[in-house]
Every structure is written in structure tokens, then in C-alpha cells.
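For reference, positions follow the sequence shown, starting with 1.
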Amino acid sequence: MTDVPHETIIPDDGLVSRRRFLGRISLALSGLAAAVVSVPIIAYLLSPLLEAAPDDWRDVGLVDAFRIGETVEVAYDDPSSLPWAGQTARTAVWLRRTSASGFTAFGLNCTHLGCPVNWRPDAQLFLCPCHGGVYYADGSVAGGPPPRPLRQFNVRIVDNNRVQVQTRSLTQTISQA
């Protein structure tokens with residue numbers, strides 16, 4: 001008996017074998033499933049680059065509700081929040097009335113790692129309790145790790161004697177010290 005390898009000869013009549021057909025169908029369906037899953041994820045990740053958060057004016061109260069020289073925390077609804085954000089959709093700024101018609105608004109978050117800062121009226125300082133950041137009353141850095149001053153927001157008084165703050169989405173950069 002001779003040892004001749006047996007080769008299966010498939011007649012080439014233009015037909016695709018069942019195995020090859022099912023393999024191609026399986027690949028096509030897997031690719032379709034991957035596209036269906038990945039397109040929304042990619043759209044979610046790229047949406048901040050394609051659609052910037054709106055800079056809306058938010059009403060924070062009547063002019064007469066704020067005393068000259070006093071710094072208070074005022075809360076408002078974040079315009080860039082998502083419908084399911086819940087309580088995190090509420091944000092705030094530190095608002096100081098500087099004169100009869102002048103206001104200054106500072107961001108609530110430390111420029112180091114985004115922790116909320118506290119206003120200490122007796123010391124006239126903003127303090128970050130997380131990492132020891134200290135800011136002067138004008139928002140400039142007094143000490144600690146913050147790389148930049150507190151963010152300042154535009155403030156206006158509208159015709160009906162109401163104070164409004166122009167909101168911006170929170171952008172945070174982590175400094176490498």
C-alpha cells in the first residue's frame with residue numbers, strides 16, 4: 001500500500017461551502033453588533049468636542065439680597081448637566097457685592113484638583129480643605145498647590161433688578177508639580 005495523502009477535491013462549480021457561508025455570516029453579524037455598540041460610545045466621548053456647553057446667564061437673586069462687601073455662596077442649575085445628573089446638576093459660585101451696582105463671582109472649585117473652596121470671612125481668604133490651597137479675597141493664589149487663581153465669572157444686573165451670572169462648563173486640568 002502506498003502512502004499517498006488523500007486530498008479532498010471539491011468541484012469548483014461556483015458554490016460556496018456551508019462552512020464558509022456561515023463563517024462570513026458570523027463575521028458580518030459580529031461587525032454589525034460591534035458597530036451598533038461602539039457608535040453611541042464614540043459619539044458620547046466626542047460630543048464635548050463637537051458641541052460646546054452653553055454659556056448661559058443664570059439668575060442668582062435680587063440685588064437687594066446681597067450686602068456690599070459680603071461674599072456668599074449662590075447656587076444655580078448647571079446648563080450643561082445631563083437629565084439624569086440629579087443633585088450634581090446643581091452648582092454654585094462665590095458672589096461678592098463690591099458696590100451698589102458691582103459684583104464679582106468666583107468659581108467654587110479649587111484650580112488644583114477641583115475640590116470645593118470655603119470662604120473664611122474673618123481671614124478674608126478662600127481655603128481648600130483637601131490639599132491646603134489658599135486664595136486671597138480677589139481670587140489670586142496665596143499659597144499651597146493651586147497653579148492658577150480661582151475662575152471668575154461675568155456678572156450683570158438685568159432690568160428687573162436681578163443679579164445674573166454667566167455660567168461656563170467646568171474644565172479641570174491636573175497640574176504636574
Side-chain angles (χ1 to χ4, degrees), residues 38-177:
S38 64
V39 166
I41 293 171
I42 291 170
Y44 173 77
L45 294 174
L46 294 179
S47 64
L49 300 175
L50 302 175
E51 182 180 324
D55 291 345
D56 290 342
W57 288 94
R58 293 295 181 176
D59 191 18
V60 293
L62 289 169
V63 171
D64 296 334
F66 304 102
R67 290 187 286 169
I68 295 176
E70 186 178 57
T71 301
V72 294
E73 181 181 342
V74 291
Y76 60 89
D77 290 327
D78 187 358
S80 63
S81 69
L82 300 170
W84 57 84
Q87 189 172 355
T88 60
R90 198 95 172 120
T91 189
V93 293
W94 288 106
L95 186 68
R96 177 179 305 127
R97 186 170 184 183
T98 56
S99 65
S101 62
F103 287 87
T104 304
F106 297 101
L108 191 69
N109 301 93
C110 179
T111 58
H112 175 233
L113 292 177
C115 302
V117 296
N118 299 318
W119 170 247
R120 300 292 181 201
D122 52 334
Q124 294 291 300
L125 295 171
F126 292 101
L127 299 177
C128 177
C130 301
H131 305 106
V134 181
Y135 300 89
Y136 291 118
D138 66 355
S140 62
V141 177
R148 295 174 305 282
L150 288 174
R151 287 179 66 177
Q152 287 200 14
F153 292 82
N154 294 327
V155 182
R156 71 179 182 187
I157 299 173
V158 291
D159 296 334
N160 57 358
N161 209 27
R162 301 206 53 94
V163 180
Q164 292 184 337
V165 175
Q166 187 177 22
T167 63
R168 292 181 286 190
S169 61
L170 178 65
T171 56
Q172 188 65 40
T173 57
I174 298 174
S175 64
Q176 301 295 324

Would you name the heavy atoms of [X] and [Y] that are closest together and state the gap between them?
| X | Y | result |
| --- | --- | --- |
| Val141 | Tyr136 | O-CE1, 3.8 Å |
| Pro146 | Gly143 | CD-O, 3.7 Å |
| Arg96 | Ala137 | NH1-O, 2.7 Å |
| Gly107 | Val117 | O-CG2, 4.2 Å |
| Ser101 | Ile157 | O-CD1, 3.6 Å |
| Ala105 | Leu95 | CB-CD1, 4.0 Å |

Nearest 0.5 Å please: distance from the [atom1] atom of [X] over to the [atom2] atom of [Y].
| X | Y | atom1 | atom2 | answer |
| --- | --- | --- | --- | --- |
| Tyr135 | Cys110 | OH | SG | 3.0 Å |
| Phe103 | Ile68 | CZ | CD1 | 8.5 Å |
| Thr167 | Trp57 | OG1 | CH2 | 9.5 Å |
| Leu150 | Ser140 | CG | OG | 9.0 Å |
| Arg58 | Gln166 | CZ | CD | 11.5 Å |
| Thr111 | Arg151 | OG1 | CZ | 10.5 Å |

Would you say the side chain of Leu127 lies within less than 4.5 Å of the side chain of Val134, judging by non-hydrogen atoms?
yes
State, yes or no, whether a side-chain contact exists between Thr104 and Val155 at a heavy-atom distance under 4.5 Å.
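Thr104 does not reach Val155 side chain to side chain.
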Evaluate Phe106 against Thr71 for side-chain contact (heavy atoms from CB on, under 4.5 Å), listing each step before the verdict.
CA-CA 10 Å; Phe106 297 101; Thr71 301; 5.7 Å; no
Short side-chain to backbone donor-acceptor contact, Arg97 and Val63, under 3.5 Å:
yes
Please confirm whether the backbone N or O of Phe126 pairs with a side-chain atom of Trp94, one donor and one acceptor, at under 3.5 Å?
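The answer is no, because no donor-acceptor pair under 3.5 Å joins these two groups.
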Within the supplied structure, the quantity of interest is the number of heavy atoms (other residues, nucleotides, ligands) at a distance under 6.0 Å from Asp159 CG; does it exceed 12?
no
